[in-house]
Amino acid sequence: MTKEENEARLKKLKAIVRAMPDKPGSYQYYDAEGTIIYVGKAKNLKNRVSSYFHTEVDRYKTKVLVSKICDISYTVVNTEEDALLLENALIKKYNPRYNVLLKDGKTYPSICVTKEYLPRIFWTRTINKKWGTYYGPYSHIGAMHGVLELIQKLYRPRPCRQPLTEEGVKTGKYQVCLDYHIKKCGGPCVNRQSWDDYQRNIEQAREILKGNVRQVQRELKEEMLRLSEELRFEEAEETKRKYIMLEQFVAKSEVVSHTIDNVDVLSITNDEKVAFVNYIHVSKGQINQSFTFEYKKRLEETDDELLQLAIVEMRERFKSTAREIVLPQEVDIDLEGVTITVPQRGDKKTLLDLSLMNGKQYKFDRLKQGEKLNPEQKQVRLMKELQDLLHLPKMPYQIECFDNSNISGSDAVAACVVFKKMKPSKDDYRRYNIKTVVGPDDYASMKEVVYRRYHRLVEEQQPLPDLIVADGGKGQMEVIRQAVQDELGLDIPIAGLAKDDRHRTNELLYGFPPRVIGMKDTSELFRVLTHLQDEVHRFAITFHREKRSKHALQSELDNIPGIGPKTRDGLLNALKSVKRIREASLETLEQVIGTAKAKIVYEYFHPET
């Protein structure tokens, strides 16, 4: 699009905006092909739409949206609530490119009560309202099965799928099945349980599914007292059993006072590209509905905007008639007859915290599920987490860690381990003999090895690490900085892993002067860094032991004049150890390596002879 065409486009759009009314409504943006690319709502259409065309709009994604708009239409409504409902309907109908994408969660199961002559109650993932009434969906499968199990124990709705009719029951067409004999069904198909009694049980089951457990309890208590007065003690005892079972269920499921009735609770958990809004409906102190909506953000939508969308979606989907909505923050929304509450303490704050916990758990579960399908996603997440924690210029794809090992300065060695994408890259591990340092000087040894490592990488034009980690605290970090920055002139971030008195990693250090970076010791990132430190320590110790063991053998046999590697290996293969070679007789040595060399070895170990 040329500059002149763009100016003409903006002139046309601004003319449309100037003609818009100062009333609530919904507006739609169209692209050059006439496709709706965005649907919005507003208390004041003119003010809201004109804000998109201000020069100070700074959100990048909003600027991209504005650059695509070629036409605008709008619909005026009476109230803001109507505008919200219209916006929600249009988004679902057209699925515009720049609107928040709602991931529907249609695979969650619901509980169905059929419309049959003798209704059945079961869970399903298929919704067909011709067949019955649906309660749900249930995002927590365990809770759904718990409710079904309670209903089964209380009312024993028939589990069979046989299409039973009134005429068939009256003519004796059916026979009882195994479910009747094992007391999972009352046998309504053969009139062992009356139709009226069966329907009464189904109605009470519906009330439980709606969350009105206290109401069912009151009905059961009244029935129990009535039966007792009529001296029908066996029936009264059976009713008492149901009452006690419901009481136990309420004790487990009631999270707040039963005085809190018909309240909706919403909370939001944000991610960079996705927001998770958890919805809870509370009736008589019980949670009888819990669901988490997943919104894919398109235009960096605020929490306020996302909560507005979620409230409308919730009221439509769950047919909510709640007159109070509990939220974590004030939201610019006006619903007729509905009170918005932002609690600071008490039972409603408990419900809000519970909703927030559910949203965070859902986000965590989605993350884990994605990482199982794509393991690299976890590695990228950990790299991004470390980058954000240390404010690194780029993600630390390659991390290198150094450690020294010696005993009083003898057999001094060092090791370098390399992690790529948060996993060990063993082909890149390197071991170093300390060449210039005399005595047990860990700082000087570290500086020598780091200088040698990166001087060679620079000479060979090999890739440098994105982060260097010292196995130690401030002292080790400083000598690494001297070698890397002062002597080699390289700009590589340096961190340190310090240990406590029990020799366990407890601090991540970064910066100069080094500062402690706050990090939970139970986090995945902390475990990866601990693994890095343990790995470099293991690698250095292993190399040191190998060198020390090799040195112990060489000092005894390789220093004997006239005895070469072949003779040495022959002696070790035959006699197994230096100790047995030292204690062997001349005759034994002669049998292994011959007279001349046997005499040299024997005289070396027995100079007094």
Side-chain angles (χ1 to χ4, degrees), residues 105-169 174 176-177 179-180 183-220 223 238-239 242-243 245-246 249-250 253 261-262 279-284 286-291 314 316-322:
K106 289 178 180 174
T107 57
Y108 285 115
S110 298
I111 293 177
C112 176
V113 180
T114 64
K115 296 178 180 177
E116 296 169 281
Y117 173 68
L118 294 171
R120 294 178 296 130
I121 301 177
F122 57 90
W123 71 272
T124 179
R125 296 181 191 272
T126 304
I127 306 298
N128 187 340
K129 293 186 179 179
K130 291 193 301 182
W131 303 110
T133 306
Y134 293 84
Y135 300 87
Y138 288 85
S139 58
H140 190 274
I141 310 299
M144 181 196 70
H145 284 297
V147 173
L148 278 176
E149 185 180 357
L150 173 71
I151 290 172
Q152 179 62 43
K153 287 179 179 178
L154 285 173
Y155 304 116
R156 297 187 296 172
R158 67 182 183 97
C160 67
R161 297 185 179 183
Q162 192 169 354
L164 304 179
T165 62
E166 182 178 5
E167 183 182 352
V169 173
Y174 311 113
V176 293
C177 60
D179 289 319
Y180 171 78
K183 300 189 182 301
K184 288 183 69 177
C185 177
C189 58
V190 292
N191 273 324
R192 303 282 174 87
Q193 181 183 13
S194 70
W195 184 85
D196 290 334
D197 183 50
Y198 188 86
Q199 292 298 328
R200 187 163 54 252
N201 285 350
I202 293 296
E203 285 307 311
Q204 289 188 350
R206 288 179 188 273
E207 292 302 317
I208 290 174
L209 291 171
K210 291 176 185 176
N212 300 328
V213 181
R214 292 284 184 181
Q215 179 182 329
V216 177
Q217 273 189 296
R218 284 195 297 270
E219 293 175 2
L220 288 174
E223 184 181 357
E238 176 62 21
T239 306
K242 293 180 180 179
Y243 180 86
M245 198 178 296
L246 266 182
F249 176 77
V250 168
S253 61
D261 183 29
N262 199 21
Y279 161 68
I280 288 176
H281 180 74
V282 181
S283 177
K284 300 291 192 300
Q286 282 183 280
I287 294 173
N288 64 356
Q289 196 73 254
S290 178
F291 196 83
M314 167 270 297
E316 179 186 350
R317 176 173 300 212
F318 299 108
K319 305 296 185 286
S320 174
T321 58

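As the structure is a prediction and not an experimental result, all values here were calculated from the model.
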### Query
What are the two closest heavy atoms between Tyr155 and Gln204, and how far apart are they?
OH-OE1, 2.9 Å
## Note on the structure
Of all heavy-atom pairs linking Asp179 and Pro159, the shortest is OD2-CG, 3.3 Å
### Query
Taking Trp195 for the side chain and Tyr117 for the main chain, is one N or O donor matched with an acceptor at less than 3.5 Å?
yes
### Task
Begin from the C-alpha positions of Gln193 and Leu118 and carry the test side-chain contact (heavy atoms from CB on, under 4.5 Å) through to its verdict.
CA-CA 11 Å; Gln193 181 183 13; Leu118 294 171; over 6 Å; no
### Query
Which value, rounded to the nearest 0.5 Å, describes the distance between Tyr135 atom OH and Ser110 atom OG?
11.5 Å
### Task
Could you give me the CA-CA distance, side-chain angles and deciding distance for Ile121 and Ile202, then say whether side-chain contact (heavy atoms from CB on, under 4.5 Å) is met?
CA-CA 9 Å; Ile121 301 177; Ile202 293 296; 3.9 Å; yes
### Query
Which atoms form the tightest heavy-atom contact between Arg120 and Cys160, and what is the distance?
CD-O, 2.9 Å
### Query
Under 3.5 Å, is there a donor-acceptor pair between the Tyr174 and Gln162 side chains?
no
### Message
To the nearest 0.5 Å, what is the distance between OH on Tyr279 and OG on Ser320?
### Response
4.5 Å
### Message
Under the criterion side-chain contact (heavy atoms from CB on, under 4.5 Å), I'd like the reasoning laid out for Val216 against Leu154: C-alpha separation, chi angles, the key distance, then a yes or no.
### Response
CA-CA 11 Å; Val216 177; Leu154 285 173; over 6 Å; no
### Query
Does the side chain of Ile151 come within less than 4.5 Å of Pro157's, by heavy atoms?
yes
### Message
If I take atom NZ from residue Lys129 and atom NZ from residue Lys115, how far apart are they, to the nearest 0.5 angstrom?
### Response
9.5 Å
### Message
Looking at every non-hydrogen atom in both residues, tell me the closest pair between Thr114 and Arg206 and how far apart they are.
### Response
O-NH2, 4.1 Å
### Task
Show the numbers, then the answer: is there a side-chain contact (heavy atoms from CB on, under 4.5 Å) between Glu116 and Arg158?
CA-CA 11 Å; Glu116 296 169 281; Arg158 67 182 183 97; 3.3 Å; yes
### Member of Leu209, Thr126, Val113, Thr124 meeting the side-chain contact (heavy atoms from CB on, under 4.5 Å) criterion with Tyr134
Thr124
## Note on the structure
One should read off an interatomic distance between Glu238 CD and Glu223 CD, to the nearest 0.5 angstrom, of 10.0 Å
### Query
Which of these passes side-chain hydrogen bond (donor to acceptor under 3.5 Å, both in side chains) with Glu149: Lys153, His145, Gln152?
Lys153
### Message
Show the nearest heavy-atom pair for residues Arg156 and Lys184, with the distance to one decimal.
### Response
CB-O, 3.7 Å
### Message
Give me the atom names and distance for the closest heavy-atom approach of Pro119 to Tyr198.
### Response
O-OH, 2.5 Å
